[in-house]
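Working notes for the structure below.
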Amino acid sequence: MSPQILGLVLTLNFTVLAWRLLAVGQAFLDTGRTGPTGRLGLIGIVVIALLVAIPHIAIYRYGTILGDTFERIFQGAATSDGGHVPGPVPKDGERINVLLVGVDKLPDRSASLTDTMIVASLDPVGKTVSMVSLPRDMVSVPMGNGDEYGPKLNSLLSFAERNPTTFPKGGMRALEDAAGALLGIPIHYYARIDFIGFIAMVDAVGGVDINVARTLRARHYDGYGLPTTGFRLTPGRHHLTGAEALAYARIRKGNGETDFTRAARQQDVIVALRSSVSSGGSLFWRLPTLLDAVANTISTDVPTSRLPQLAAIVDEVGAKDVVRVVLGHPLVAAANTRYGSSQVPNVKAIQAVAARLFSAPGTKPVPWPTPKATKAPKLSATPAG
């Protein structure tokens with residue numbers, strides 16, 4: 001709901017409250033009774049007036065919280081991201097591409113690293129969502145202007161923010177342009193989430209349900225938000241708290257775990273969080289806490305004028321309509337570079353996969369690896385410069 005519509009609803013709410021209280025008062029006075037009003041009568045009218053007013057007070061309370069959340073998420077984006085320049089605007093019926101960025105900004109970190117980078121594309125015609133996770137250690141990524149960013153991609157946001165002369169459009173726009181150039185698509189908007197606030201978001205909806213495919217064990221996990229260091233989950237369905245969900249999404253050094261397995265788990269958490277938010281009547285009572293957590297955690301440049309349209313489309317997208325991809329070999333190749341253990345992208349191969357994943361509106365997206373029934377683009381294991 002846009003702020004303009006929200007303001008209209010709150011004004012209408014008070015108008016209806018005044019009309020209803022007037023009707024209650026008129027009914028009380030226009031009874032045709034004789035004699036003075038007794039104590040029980042006065043108590044009764046007060047009780048009735050309170051019962052009439054309580055729902056309207058609740059609407060006002062939740063409405064003002066929602067308005068404050070909107071202002072902090074959407075207006076705050078302009079100040080928190082400095083000289084951020086808006087990207088291209090999608091036309092009616094076109095895919096809406098959003099870069100989802102998880103910032104590993106913890107108390108013991110001097111730099112903010114974008115350890116989670118997911119491009120989510122919404123097809124407003126076919127009512128599907130395509131998601132692709134970008135490796136944090138990818139190097140030599142095209143910038144969209146003919147240049148390449150040599151260091152690891154997860155450092156681009158912080159580096160660009162420290163060098164505004166070289167990156168006048170702002171750090172986030174630089175990262176959006178790089179992600180778009182890599183995939184061969186325009187990135188219209190971004191949504192940024194800080195890991196610390198993520199815990200509060202998950203706890204505000206009562207946790208998330210995750211199906212763990214195999215044992216996840218990381219003995220040396222820093223344990224942020226947990227009572228002890230280390231983390232372990234056995235195969236099966238688990239209900240995770242905010243700190244546990246963050247651990248599940250962050251671990252990459254456990255036995256058999258890599259950046260690629262972590263990227264898949266991060267997508268699991270996003271889908272699970274959406275399910276927790278959209279189910280369960282108890283969410284109504286947790287809404288103020290959830291909205292406060294969201295406002296403290298997320299910033300985005302999605303125009304508020306698009307929110308009603310996006311909400312209507314997303315509401316029609318089911319879990320089976322979300323196609324998820326994690327870029328791995330041979331789309332990227334492991335290499336030791338001057339920046340340490342890195343992933344070198346095969347840009348042409350990545351763009352061939354992206355063309356099928358981010359298909360024309362109304363056309364079913366093709367996942368990767370491509371199912372055998374569908375002809376897949378030929379991929380080369382030789383990384384491109």
Side-chain angles (χ1 to χ4, degrees), residues 97 99-102 104 113-121 129-142 148-156 175 178-185 187 210-218 235 248-271 322-337 339-359 365-385:
N97 305 320
L99 175 63
L100 309 177
V101 177
D104 196 351
L113 300 177
T114 56
D115 281 352
T116 301
M117 292 170 286
I118 300 174
V119 174
S121 179
V129 171
S130 299
M131 298 173 62
V132 58
S133 293
L134 308 181
R136 65 191 289 274
D137 292 333
M138 194 157 42
V139 297
S140 301
V141 176
E148 284 186 349
Y149 183 68
K152 294 182 179 182
L153 186 60
N154 71 332
S155 67
L156 174 56
L175 185 58
L182 176 69
L183 298 173
I185 62 173
I187 302 296
I210 297 289
N211 288 314
V212 180
R214 60 196 178 105
T215 299
L216 178 65
R217 181 187 292 111
Y248 180 79
R250 289 184 68 213
I251 288 173
R252 67 186 181 100
K253 294 184 179 180
N255 185 24
E257 300 301 327
T258 65
D259 272 334
F260 305 111
T261 59
R262 176 171 78 163
R265 284 185 271 110
Q266 289 169 350
Q267 293 186 7
D268 290 340
V269 172
I270 290 176
V271 174
V322 179
V323 180
R324 298 183 284 165
V325 168
V326 176
L327 295 185
H329 179 80
L331 302 180
V332 294
N336 287 318
T337 68
Y339 306 107
S341 179
S342 308
Q343 298 291 334
V344 181
N346 184 333
V347 177
K348 291 183 178 180
I350 289 174
Q351 291 182 354
V353 170
R356 300 168 70 86
L357 180 65
F358 305 118
S359 55
V366 179
W368 181 82
T370 309
K372 295 181 179 180
T374 306
K375 185 177 180 180
K378 293 182 179 180
L379 304 178
S380 171
T382 303

What is the minimum heavy-atom distance between [X] and [Y], and which atoms define it?
{"X": "Y339", "Y": "K152", "value": "O-CE, 3.2 Å"}
{"X": "P142", "Y": "A181", "value": "O-CB, 3.7 Å"}
{"X": "S140", "Y": "P345", "value": "O-CG, 4.0 Å"}
{"X": "N97", "Y": "S121", "value": "OD1-OG, 2.6 Å"}
{"X": "L182", "Y": "M138", "value": "CD2-CE, 3.3 Å"}
{"X": "A179", "Y": "L99", "value": "CB-CD1, 4.3 Å"}

Checklist entry - Can S133 and Q267 be counted as having a side-chain donor-acceptor contact under 3.5 angstrom? => result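 Yes, Q267 and S133 have a side-chain donor paired with an acceptor closer than 3.5 Å.
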Checklist entry - Does one side chain, of S342 or D137, offer a donor that lies under 3.5 Å from an acceptor on the other? => result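 Absent: no donor and acceptor within the cut-off.
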Counterpart residues, side-chain contact (heavy atoms from CB on, under 4.5 Å), relative to [X] (two or more places apart):
{"X": "V271", "result": "R324"}
{"X": "A354", "result": "L183, F358"}
{"X": "T261", "result": "R214, E257, T258, R265"}

Evaluate the side-chain proximity of [Y] to [X]: yes if any heavy-atom separation is below 4.5 Å, no if none is.
{"X": "W368", "Y": "V132", "answer": "no"}
{"X": "V139", "Y": "Y149", "answer": "no"}
{"X": "M131", "Y": "V322", "answer": "yes"}

Next on the checklist: Main chain of H329, side chain of Q343: is a donor-acceptor contact present, judged purely on distance under 3.5 Å?
Outcome noted: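 Looks like no, no N/O pair under 3.5 Å.
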Checklist entry - Do R356 side-chain atoms and V366 backbone N/O form a donor-acceptor pair below 3.5 Å? => result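 Answer holds: no.
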Checklist entry - Can you list the steps and then say if L175 with T114 is a side chain to side chain contact (heavy atoms under 4.5 Å, CB included)? => result CA-CA 10 Å; L175 185 58; T114 56; 4.0 Å; yes
To the nearest 0.5 Å, what is the distance between [atom1] on [X] and [atom2] on [Y]?
{"X": "L100", "Y": "T116", "atom1": "CG", "atom2": "OG1", "value": "10.0 Å"}
{"X": "D268", "Y": "Y248", "atom1": "CG", "atom2": "OH", "value": "4.5 Å"}
{"X": "I350", "Y": "L357", "atom1": "CD1", "atom2": "CG", "value": "12.0 Å"}
{"X": "M117", "Y": "R136", "atom1": "CE", "atom2": "CZ", "value": "8.0 Å"}

Checklist entry - Could you go step by step and tell me if N154 and D115 meet the side chain to side chain contact (heavy atoms under 4.5 Å, CB included) rule? => result CA-CA 6 Å; N154 71 332; D115 281 352; 3.0 Å; yes
